[in-house]
Every structure is written in structure tokens, then in C-alpha cells.
Amino acid sequence: MFYVFSTPQSLAQHLSNILIQRIQQKPNIVLGLATGSTMEPVYGNFVQRIKQDNVDLSQVRSFNLDEYIGLPPEHAQSYHFFMNENLFSLVNLKPEQLHLPNANKQDIESECKKYSEQINKEGIDFQLLGIGTNGHIGFNEPGTPFNSLTHMIELSEKTRIDNGRFFNDMSEVPTHAITMGMADIMSAKEIALVITGAHKAQTVLNLYNSPVTEKMPASMLKEHKNTHFFIDEAAASLLPKEAYQFVA
Ligand code: F6R
């Protein structure tokens, strides 16, 4: 079942409420974090609520989903930079509470192995996800095995073109990234997949119609027992009425 919200802002408000509740229930919660334009209103609202309600984040830990290879953390399009700008520098979260894949290591393979082992050890309580127009979650492109752990991936042409909007020209768009694997994502106890915007309406319809298959990575979430599919009206515009419930 998809839950539909009139705007990305009303969705963000609802999701922030859930996040704040989960943190209050479990102060040492482990969050899985996503980047991308979908997450901007989510973090915007979350930061506002944290300040308003004086939420204690001192025991929270986090794991980010992915990072481009070749961009240093201070590069404006790196996901390190995005997280600092949209969340970390705005609230009381210290570097030692945060995990992001280090895509600038010489030995990417051992960095990936270490990242999955840490995820496995700490256990993600709540994972935030966006989706690519081709159905990717994290940077797990169509065809990525469901049993994959954190790994290096070659970005598909579609993803590079979609994300090219943030770069001056296509030659600057990285070709590779590190991403949490499908099995790392699936190990989270609770997941929220957030999909907003008319440009994702066809993706939502494809996801709704898709069987669980590696060709549509996000379809794996249909087998996860505790995933919220949160969508705005624009992204839900091609769905049949019986596919969703309107929330706010
Ligand atoms: C980002 C990530 C990606 C994005 C997806 C959608 O950390 O893992 O899967 O969620 O590419 O990006 P936006 O929100 O920019 O459309």
C-alpha cells in the first residue's frame, strides 16, 4: 500500500514525526540516511522539529547510503557535503556518530567490506530511501543482486544524466560510486521509501506493477515487513485509486 500526501512538505512533516518518535523511543537509534533532492524537505522539516522539540541526538548514530568515487568530501556535489549542509551542521551531531562510505580510499574493496561489517554489527533501525527514475535505491542500479553487500558500482547512463543537473557538464559527473548493498538495506528494521514529483510518476507506476525482481531494485522492498511507501500526489498521479491511501 502506498501512502499519498498532497505535497512534499506534508509528507516531510509526517515522516519527521515518525523519526522524532523513534528517536524518543530509542535514543541510541541507528539511522540509515539518504541524500538527493527528495531528502531536502525531509531534512528541512526534521531539523526544524529537532530544534523546536529540543530532541536529544547525543546517542544517535547514522550510516549514509552512498558516495561518489572521485569527489572529495568538501566538493559541493559530494554526499558528505550534502549531509553537512542539510543536516549534520544544523543539529548537534558529531563526526564520531556518523558513518559515510569513504570513497577516496585506495583500497575501495576493503572499505566496502568494513562498511557492511559495521552495519551488520550496529544494525540499522530506520532507513530513509529515495528512488532513481530507473528504480535504483542507494546506487544499486537495475540488475544488482538482492544479496549484495556494500560495493563499488558503475553508475548507469540514466543515473548520470539524471544527476547531471547538479554538475556544470556531463564530463564532471562521476562514473562510479560506493553504495550500501541490497542486503544491507533489507537488514534495516524499518524503512521509508520517499518518492516525490511528477517526473517520478512513471517510476511509481512501474514499481506498483513490478514483481519482486532485480530488474526493479525498489521492488525488493515489497518483501520487507516494515517499509512505508510515502509518495506525494504528483508522483502518485498514474496510480490506480485502489493502490493507495490518501493521508494528508
Ligand atoms: C542518494 C541515493 C539515491 C537517490 C535517488 C533519487 O543517497 O541513494 O538513490 O535517493 O537517486 O535522487 P533524487 O532525490 O535527487 O531524485
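Counting convention: from 1, in listed order, for ligands and their atoms alike.
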Trace of the side chain to side chain donor-acceptor pair (under 3.5 Å) decision for Gln202 with Asn206: CA-CA 6 Å; Gln202 187 61 49; Asn206 295 346; 3.0 Å; yes
Any donor-acceptor N or O pair under 3.5 Å, side chains Asn163, Tyr68: yes
Let me check something: any side-chain donor-acceptor pairs from residues 137-147 under 3.5 Å, sequence neighbours excluded? List them with distances.
| unit_1 | atom_1 | unit_2 | atom_2 | d |
| --- | --- | --- | --- | --- |
| Asn140 | ND2 | Ile137 | O | 3.0 |
| Asn140 | ND2 | Met180 | O | 2.9 |
| Glu141 | OE1 | Asn134 | ND2 | 2.9 |
| Glu141 | OE1 | His136 | ND1 | 3.1 |
| Glu141 | OE1 | Thr159 | OG1 | 3.1 |
| Glu141 | OE2 | Ser156 | N | 2.9 |
| Glu141 | OE2 | Ser156 | OG | 3.1 |
| Glu141 | OE2 | Thr159 | OG1 | 2.7 |
| Thr144 | OG1 | Glu141 | N | 3.2 |
| Thr144 | OG1 | Glu141 | O | 2.6 |

Shared-cluster residues of Phe81, by chain and number - hydrophobic side chains joined below 4.5 Å: none
Expected output: side-chain Asp232 to main-chain Thr7 donor-acceptor under 3.5 Å: no
Atom-level proximity to ligand 1, residues with heavy atom under 4.0 Å: Ala34, Thr35, Gly36, Ser37, Thr38, Leu65, Asp66, Gly130, Ile131, Gly132, His136, Gly138, Arg165, Lys200
Using a 3.5 Å cut-off and no angle test, enumerate the donor-acceptor pairs between side-chain atoms of residues 85-100 and protein atoms at least two apart in sequence or in another chain.
| unit_1 | atom_1 | unit_2 | atom_2 | d |
| --- | --- | --- | --- | --- |
| Asn86 | ND2 | Phe82 | O | 2.9 |
| Ser89 | OG | Asn84 | O | 2.5 |
| Gln97 | OE1 | Lys94 | N | 2.8 |
| Gln97 | NE2 | Leu57 | O | 2.8 |
| Gln97 | NE2 | Ser58 | O | 3.3 |
| Gln97 | NE2 | Val60 | O | 2.8 |
| His99 | ND1 | Ser62 | O | 3.0 |

